[in-house]
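This report concerns only the one structure given below.
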There are 2 protein chains.
Amino acid sequence: MAHVKEGFEDGPGGGGPFDSLAFLLSQLGFVASRGFHQALLPLGIEPRHFLLMRHVLRDEGRSQQSLGEMLRIPPSRMVALVDQLEERGLLERRANPSDRRARALFVTPAGRRLMGKAFQVAIEHNARIGETLSAEERSRLIALLQKLAAENGLLMGVHPGLTGDDPKAAS
Amino acid sequence: MAHVKEGFEDGPGGGGPFDSLAFLLSQLGFVASRGFHQALLPLGIEPRHFLLMRHVLRDEGRSQQSLGEMLRIPPSRMVALVDQLEERGLLERRANPSDRRARALFVTPAGRRLMGKAFQVAIEHNARIGETLSAEERSRLIALLQKLAAENGLLMGVHPGLTGDDPKAAS
DNA sequence: TATTGTTATACTCTATAACTATA
DNA sequence: TATAGTTATAGAGTATAACAATA
């Protein structure tokens, strides 16, 4: 382990900077998640609700299961999420005429209004994260991260943290 | 929300790519964390143990509380973490002659051997994450992330996910 | 009286699997 | 017999606060 260049230069025994790509990504990802979570607090929803609502908005009338499969959220978790959003009057479960077992999901007018605000929050949060970089730095950074995301099989708009494959701890 | 350039171009109503800086960071951070967690599985420890051991290694003999303050881990959580590592024979609580309330932490020889392997795992994991980038892309990416980390008040080697300020959900 | 570490308790989140109603 | 959704249950992880030993 003496020939490594980026990060871990300190080796097993010592101190030194811990500036590996993996660690930086993990740290910054955590900060980004936490920041968005906090930014949404005034609206009374969490990032997972935002993400789910966003996908319902994109294709209203789908069943819970169909959405759950796409976002890789297990059924019982979908029930809880939709319950929370329905109680708050943001989402609606309607009957599906062609299959009375299924529940078609729709966003209510209140849900639409709230999502408008939530998008605003997301935009502001996003701007805040990158505000210390120049426009050019920012776009180069985004391009590099996109390349990394593509190589790691990430789907745009589907956050792996929603799937329940919990990393458990930090790194 | 019509004048924004990076990410969120789709607006409240629509679909489209979700390639904001914040979302990319959150996604990739999650993937990096999860990957490291899985890479450590064969060694029987988790990233939090690795991080804690690493700090004990750096300055042996410190008290639990002193370490907990530095890493911002609450006392009862420190007890659980140290318990787990002590049961596995990787860490030792020794008496502190000058203050018999405090417990001085030391890494055992087995702990040292395991940390050697864990560093190797970390190095390999780090290399895997960035392997699709060229050396130049990689160093540019790291430089940009470091700048971002500095601006967001991140401490090198201290992962915010260890502090218990849970983001709760993803995004 | 304050502090270090520990333990007890309660709470949240989650997955698993049983269950119901439809198909 | 299979499927969509729900509910019940049990497990892990956490924080809070009470506690014991020592200062």
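Chain naming here is simple, since letters A, B, ... match the order of the sequence lines and numbering starts at 1 in each. Just so you know, these numbers come straight off a predicted model, no measurement behind them.
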With a 4.0 Å cut-off on N to O distance, would you call Arg54(A) and Glu60(A) a salt bridge? no
Grab the CD1-P distance between Ile73(B) and dG13(D) for me, whole Å please. 15 Å
Whole-Å distance between dA4(D) P and Leu105(A) CG? 14 Å
How close or far is atom C1' of dG13(D) from atom NE2 of His37(B), stated in whole angstroms? 12 Å
Test your reading of the model: is there a side-chain donor-acceptor pair from Arg88(B) to the backbone of Gly44(B), 3.5 Å cut-off? yes
Minimum side-chain heavy-atom gap Val82(B)-Gln64(B) below 4.5 Å: yes
With a 4.0 Å heavy-atom cut-off, tell me which residues in residues 62-71 of chain A come close to DNA chain D, sorted by residue number. Ser63(A), Gln64(A), Gln65(A)
If we ignore hydrogens and angles and just use 3.5 Å, is the side chain of His125(B) paired with the main-chain N or O of His37(B) as donor and acceptor? no
For Leu81(A) and dA15(C), what is the distance between atoms CG and P respectively, to the nearest whole Å? 10 Å
Per-nucleotide protein contact string for nucleotides 17-23 of chain C, where B marks a base within reach and S marks sugar-phosphate only (heavy atoms under 4.0 Å, - for neither): ----BBS
The side chain of Arg77(B) is closest to which nucleotide in this list: dA4(D), dA15(C), dA15(D)? dA15(D)
Comparing nearest nucleotides in DNA chain D, the 5'-proximal residue of the pair Ala102(A), Asp83(A) is Ala102(A)
Nearest whole angstrom, please: distance from the P of dA12(D) to the CZ of Arg48(B). 13 Å
Is there a side-chain contact between Leu81(A) and Leu91(A) (heavy atoms, below 4.5 Å)? no
If I take atom CD from residue Gln84(B) and atom NE2 from residue His49(B), how far apart are they, to the nearest 0.5 angstrom? 4.0 Å
Check the phosphate of dT3(C) against Arg103(B), side-chain N and O only, distance under 4.0 Å to OP1 or OP2. Yes or no? no
Ala32(B) backbone acceptor or donor facing Ser26(A) side chain under 3.5 Å: no
Atom CE of Met78(B) and atom P of dT3(C): how far apart are they, to the nearest Å? 19 Å
Look up atom CG in Leu148(B) and atom CZ in Arg138(A), then write down how far apart they are to the nearest 0.5 Å. 10.0 Å
State the CE-NE2 distance between Met70(B) and His55(B), to the nearest 0.5 angstrom. 6.0 Å
Please check if the distance between the ring centroids of Phe23(B) and Phe36(A) is under 6.0 Å. no
State, to the nearest 10°, the angle formed by the axis through the first five base pairs of the helix from dT1(C)-dA23(D) to dA23(C)-dT1(D) and the axis through its last five. 30°
Side chain of Asn126(B), backbone of Leu21(A): donor and acceptor closer than 3.5 Å? yes
